[in-house]
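The block underneath contains the structure these notes are about, expressed in structure tokens.
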Amino acid sequence: MERAIDLTTTYLGLELAHPVVASAGPLSQNAAGVRALAGGGASAVVLYSLFEEQLRAEANRDAALLDAQEDRYPEATDFFPDVEVTAKSAAYGYLKLVEESAAQLDVPVIASLNGSDLGGWVDFARELASAGASALELNIYFVPGDVRTTGDLVLKRHLEIVQAVTQAVELPVSVKLSSSFSSPGNAALQILDAGASGLVLFNRFLQPDIDIETLGMDNAFELSTPHEGRLPRTWIAAIRNHTQASLAGSTGVESADDVIKYLLAGADVVMSTAALIRHGRDHTRTLVAGLESWLARKGYASVAEARGLLALPADGRADAFERGGYVAALQAAKQRYGSL
Amino acid sequence: MAYRLNELCSIYPITPSSTMAELADEWSSRDRANVWGTVPTVIEMQSEGGAAGALHGALQGGAMSTTFTASQGLLLMIPNMYKIAGELTSTTFHVAARSLATQGLSIFGDHQDVMAVRQTGFALLSSASVQESHDMAAIAQLSTLRSRVPFLHFFDGFRTSHELNTLTMLSDDDLRTYVPHDLVRAHRDRALSPEHPYIRGTAQNPDTYFQSRETSNSFYLEVPGVVRRAMDEFAALTGRSYGLVEYHGDPEATHVLIVMGSGAQTCHQAIDHLTAQGEKVGVLQIRLYRPFPVAELLAALPASVERIAVLDRTKEPGAGGEPLFLDVTSALAEAVSNGERASLPLVIGGRYGLSSKEFTPAMVVGIVEELQREKPKPRFTVGITDDVTNLSIEYPADLDVESPETHRAVFYGIGSDGTVGANKNTIKILGGQEGTYAQGYFVYDSKKSGSRTVSHLRFGPEPITAPYLVKEAGFIGVHHLSILERVDVLRTARRGTVVLLNTPFAPEEVFAHLPEPMQRRIIELELELYTIDANAVSRAAGMGNRTNTVLQTCFFAISRVMPREEAIAAVKASIEKTYGRRGADVVKKNHAAVDAAIEHLHRVEVPDAVASDKGLIAPVPDHAPDFVRRVTAKMLLDEGDDLPVSALPVDGTYPSGTTQYEKRNISDIVAVWDPETCIQCGNCSFVCPHAVLRAKYYPEPALDGAPSTFQTAELNAAGLPGAKYTLQVYAEDCTGCGLCVESCPVKVVGPAAGTGGERKAINLAPVLDREPTKQNVAFFEAIPVNRRSRVDFAQVRGVQYLEPLFEFSGACTGCGETPYLKLLSQLFGGRASIANATGCSSIYGGNLPTTPWARNKYGRGPAWSNSLFEDNAEFGLGLRLAADLQTDLARRRLEQLRGEIGDDALVDDILTAEQQYESDLSHQRARVDQLKERLDSMTGPQAADLRSVADHLLRRSVWIVGGDGWAYDIGSGGLDHVLASGRNVNVLVMDTEVYSNTGGQASKATPMGAVAKFASAGKETIDKDLAMQAIAYGNVYVARIAMGADPQQTLTAFREAEAYDGPSLILAYSHCIAHGIDMKKGLDQQYLAVNSGHWPLIRFNPVLRMAGKNPFLLDSPRPRFTLEQYQRNELRFRMLKNVDPEGAERMLEFGQAQVERRWRDYEEMATRGASEFAADAKE
């Protein structure tokens, strides 16, 4: 009889059947979508991000619409009953999705909050916790478009948010962060020190392109591709042996090979949306089956055995690792493309 | 108070009472209980008649019931009021007393409505102030329950109903003590019940009706005592003491005024001023008017009184005197005749304050002086100049009797700019300070866009009882430069007044930019002048154009109403309270704006001498007609109060087309045409709500002498080689709404200079210099209007060349209704009679000073009239019937005079003309002109007869227009009847799906899930399918249109409806500010409304049925968007998610299902055979 392979893993203190998790994205916009993701085999589902600032902006827009109507002429000093227009009530749909998904699914549901400043994070985090989320992912999407913003300030903003939220809720909190720190590894560790239970590496910044016909900006969103997994894997490998916290690899998960690479680098779970959009929700099973057969082929009894095999040792020199990789890459490129 | 003491509010919106009903609805939707623990039911009915009917039923069912109304609304309740009183039923109506529609409608206050119900058997109780209104509401309620006589409690519309003032309120506990619950149970016990049945409302006969009518006498006799007792108990509870009649003044007065309502407070002030000077004068305030308290009146009048002036805030043409005057006179005469009084004082009667006309202490002094003359006028008016019947009296207009302790401030703003809101907030701040009393009153002009607002504020250590505008202000704030260029903003300035100007100029430059009269007054009165660029400060603080916080801060900083530091702290605290719920960043921004305001506020060094020769901008141009220059111009200058009686038309008839003379320049950004890229499609001109985009084509030589900036392009139509085309923007009239830009199909590559946005063939751009525009418009106007016979009416492209005869209305910026009216005027204006239901369209269509319905160069144009709200369809039918009668007479006379006319061909052609299409009509017009010429040389009564009706030989186009409040609700029965009449009328319903004019109350057109007033919890029923109701008749032409979705279908529907010889109904989707949308996107929303299936475009043409074809045409494609995609752009739907998110979801689901169901029905109908539709017997 073939030996059963233990695929289980732990993420943010949650026991998961295997390491493939559905990441925040358009597939989890509604209850049916979330059910399909779980039904497709995801071991946990991160819901699409609640854009807190957007909600606040919408609430402010509504308030501005009301202002613009006020005291217009004597017969109509306003046009609506006095109804409170706040961002909180606009988040109702999301809270309900959390509540329904948490009640219906037997896999953990992780709520996701997207924003860039302290704003109403704490309030929303509390609401999400009481709606039944198993954990909370903070998607800190802060693009310092104002070039006077210093790197220190960027990190400080992250730490403030993490501290505020983790103090406010009991739930485990992970932070999905960008790779654009001067020292991503150190930033990651500081964020964990600030109270986060885990990290998701990395957030992809939308990079608008220029449309040379309309002379405008093109904001078209593109799905990630496998080669984009290299950067997050590099940093997971660098951090892995410096922390007990959960690490999730996101971006560039197309095949089981990508999942395996993330695990070898040290990820506890691997998250995907792009592949599920390309191949359907059931693609999760293909990824898990591929992982299982690789583990069997290589003789590993569990995910845990393979995890972090290629992580940088805690006492190793990360810069040498990185520099080495860089030099090797240049050498390979020379061979392929000729002298650079 | 009314809400807390009742179980049912049966209501219908009407200004100025609507606010009471709206608050009741809001409270009810939030489950707020009355003092006995019941959440009152609030039911909006289809009319005030309906509200009174439901109320009557509820009273008979034992519910404590009330209503709120005014004006014609109260008149619609009269039949039920007789019933309610005849049955001795306890209820209190609350009325914000308002003028009646007579020679013109007025939303403002007087006692005409209340006086029209004094005979119904209701007791009438009057309040003179905000505090009294609160108190009398309780007193009336207790009195009606004790006496069983129904009460009408009234206070002055706007002056009291819309005044903000410091108020002490009774708690629920107080009210429970005051109105014992056993009285409520007694009321309930009198209800109809099958458990102990009896009948009420019998038909009585000559034998007993009379005696029965006398049975209630004893109840009425008791009312004064009951009210007296209720007032005494109220005084014991609250310390506020009132009398049925109340005398104030010298106990030995020889000259006394008698008055009712807010005017009593004004009289008090003037009497105090006069008695302080030793005058033996007094004033008697009447609170209980019916039953008239004769004994109390006689007792309260000082025995010394020799002369009395009775003041009525009403008008009864033809009466011997106004009602209160007659009541007082008869009471006194009777007292003298029966020996109760020794002598009869001289009593004179006067009218004051109609339609909220100012009533000031100076006028009261004038009345006293009149009374003191040897021979005072027996009947007089005050506050106006009557130079026709010379009834008006003089008064010392400059007199100011206000306490110097009272701070007074006047602010000039523009509607929705935040000025009024900020002032309301200031009143809250100051009124909330211990020992400070505050009052605010707000005056608006008559436009819905860019209207001028004037706020009148008072603060002081004593209660403020001054129900009139501020006459001398210690502070004047002018929040827009454009206002001081047009009106005298320093009218209320006194020596040393602090003046704050919001201008873009540096402090050292400001003075030079002011008009000469203003400079002179600033120097003469040594005014303290301050300036701030509030727009720049607000923008810098991230608040866009909301300057309210900045300007409010400036007021607190320099007005000295409070110590500066304390004031700033109070403003900041208030910001936290107001904006806290919108988030910390909003509060932060506002706080930053407060600090920045102080930083950028500058005192202006005023030079010693005037340095300008610039006067105020002339309100109308020199070439305007005499009436406009003499009369309209005065109204535009805010000097309409000075117009004498002789200046005004005797019967409410005003000249057409006067908006063209009022160049309002309300927008800083206006449409700019790009001739290079324009494809001349006419879309922008078609959708322009204000008719500011006009197109003409002309031969090239017409350009001789054109101003250098005049724009032109090659005409791109076939068949007119060498012709030029101009799309002229009437920039001074443009409101910058942007609908034209949205409708432009051209997308030019590359952003417009300086805008960064996408560019089209028509764009919005800041106005830099208005002068070239004026010259270009003048030149454009001189180019002849294109001949109608050369224009293809059937295409949107062609319509741009038709002259609009509805132009520059004061409708909201980006209004969704007015493009339809403009189209109507372009297509049929020269021969149209229009009946306009009361509502938005009657206000922007007919509110003085200037009106938009215009004439063409032949002097022809729409003949427009507004009768009432409820009767518009019937009124329009009347116009049709009269036209048909006159046409019939003309045809008969024409036959009779055939020989004398001597041109058989002409007579035959006239009598047999088709008159369906424009070419037929222009031929017929030429024939009629020829006939009239012939008739001018003929004599005899028949020829004269024919001459008087000859114009009716040209088919008259009768239009009945209005909004959904009229068509779906109050006028629904009449509309139905008119459609069923088979007569050739054209009904245009501009459907905003809500009562827009009165501020967004739900109608039966309001869609499910929309939040509106009276549907605070979201409307729970679907909207009525009025189209299907009309289609059921078979002989009614019906179209549902939406210009923003399919302008061509709109045009086709208008033309088919008008050509159809029978009733036509056009339902026109009209986006509206009350939807809570970005008005620039109004047309996009129309597109979504149609393409989500919310508003399917249809036409039902009985002509097709007659031709054996399917008359039902489904003009819009199968829905391509979900209902949610349409609804999410509108606050009216989004709002429900705030109130009731689950309900919102449920209603959306229901709504989507309904859309699909209706679509299936329509598709099925569109595929039926002709015989499956009702046929018209006319066939």
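Throughout, a chain's letter reflects where its sequence line sits, starting with A, and its residues are numbered from 1.
- At a 4.5 Å heavy-atom cutoff, the contact between B:Phe158 and chain A is made by side-chain atoms alone.
- For the pair B:Ala1074 and A:Phe79, the tightest heavy-atom approach, listed with the atom from each and the gap, is CB-CD2, 3.6 Å.
- Only the side chain of B:Phe108 has a heavy atom closer than 4.5 Å to any heavy atom of chain A.
- Contact check on B:Arg1134 versus A:Glu58 returns no salt bridge, with no Lys/Arg side-chain nitrogen under 4.0 Å from an Asp/Glu carboxylate oxygen.
- Contacts between B:Ala1012 and chain A at a heavy-atom distance below 4.5 Å involve the backbone alone (N, CA, C, O).
- Interface residue B:Arg30: only side-chain heavy atoms are found under 4.5 Å from chain A.
- Using a 4.5 Å cut-off between heavy atoms, B:Ile414 makes no contact with chain A at all.
- With chain A as the partner, the residue from B:Val1011, B:Leu1131, B:Asn997, B:Ile843 showing the most heavy-atom pairs under 4.5 Å is B:Asn997.
- Neither the backbone nor the side chain of B:Cys1072 comes within less than 4.5 Å of any heavy atom in chain A.
- For chain A, the nearby part of B:Asp1078 is the backbone; its heavy atoms alone come within less than 4.5 Å.
- In this structure, B:His1075 and A:Leu65 have side chains that are not in contact, with every pair of non-hydrogen atoms separated by 4.5 Å or more.
- With a 4.5 Å cut-off on side-chain heavy atoms, A:Glu70 and B:Ser416 do not count as touching.
- Remark: A:Asp82 CG to B:Glu22 CD distance equals 11.0 Å, nearest 0.5 Å.
- Considering CZ of A:Phe80 and CD of B:Gln1001, their distance stands at 11.5 Å, rounded to 0.5 Å.
- Options B:His162, B:Met1079, B:Glu1142 differ in how many heavy-atom pairs under 4.5 Å they form with chain A, and the most are formed by B:Glu1142.
- Looking at B:Val443, B:Ile107, B:Thr15, B:Asp445 one by one, the single match for side-chain contact (heavy atoms from CB on, under 4.5 Å) with A:Pro74 turns out to be B:Ile107.
- B:Lys1013 has its side chain within reach of A:Asp78: a pair of non-hydrogen atoms, C-beta onward, lies under 4.5 Å apart.
- Looking only at side-chain heavy atoms (C-beta outward), B:Arg546 and A:Asp67 come within less than 4.5 Å of each other.
- When heavy atoms are compared at a cutoff of 4.5 Å, B:Lys447 approaches chain A solely by way of its backbone atoms N, CA, C and O.
- Looking at B:Glu1145, the atoms closer than 4.5 Å to chain A (heavy atoms on both sides) all sit in the side chain, from C-beta outward.
- Here B:Gly1076 is the residue among B:Gly1076, B:Ser18, B:Ala1144 with the most heavy-atom pairs under 4.5 Å with chain A.
- Pairing each heavy atom of B:Tyr444 with each of A:Thr77, the nearest pair is OH-CG2, 3.7 Å.
- With hydrogens and angles ignored, the 3.5 Å screen pairs no side-chain donor or acceptor of A:Lys96 with any backbone N or O of B:Pro1141.
- Contact check for B:Thr453 versus A:Asp71: no side-chain heavy atoms found under the 4.5 Å cut-off.
- Inter-residue side-chain proximity for A:Arg72 and B:Ile1073 is flagged as met; some heavy-atom pair is nearer than 4.5 Å.
- In this structure, chain B has heavy atoms under 4.5 Å from both the backbone and the side chain of A:Ala63.
- When the shell of 6.0 Å around CG of B:Asn545 is examined, it contains 12 or fewer heavy atoms from other residues, nucleotides or ligands.
- A pairwise comparison of heavy atoms in B:Gly999 and A:Ala76 identifies CA-CB, 3.5 Å as the closest pair.
- Most heavy-atom pairs under 4.5 Å with chain A: of the set B:Leu23, B:Val420, B:Ile1077, this distinction falls to B:Val420.
- Of the two parts of B:Val586, only the side chain, counted from C-beta on, holds a non-hydrogen atom closer than 4.5 Å to a non-hydrogen atom of chain A.
- Contact of B:Asp25 with chain A is not made at all, since no heavy-atom distance falls under 4.5 Å.
- B:Thr998 touches chain A through backbone and side chain together, each having a heavy atom under 4.5 Å away.
- For the atom pair SG (B:Cys840) and CD (A:Glu75), the distance works out to 8.5 Å, reported to the nearest 0.5 Å.
- Note: A:Tyr73 OH to B:Asn847 CG = 11.0 Å, rounded to the nearest 0.5 Å.
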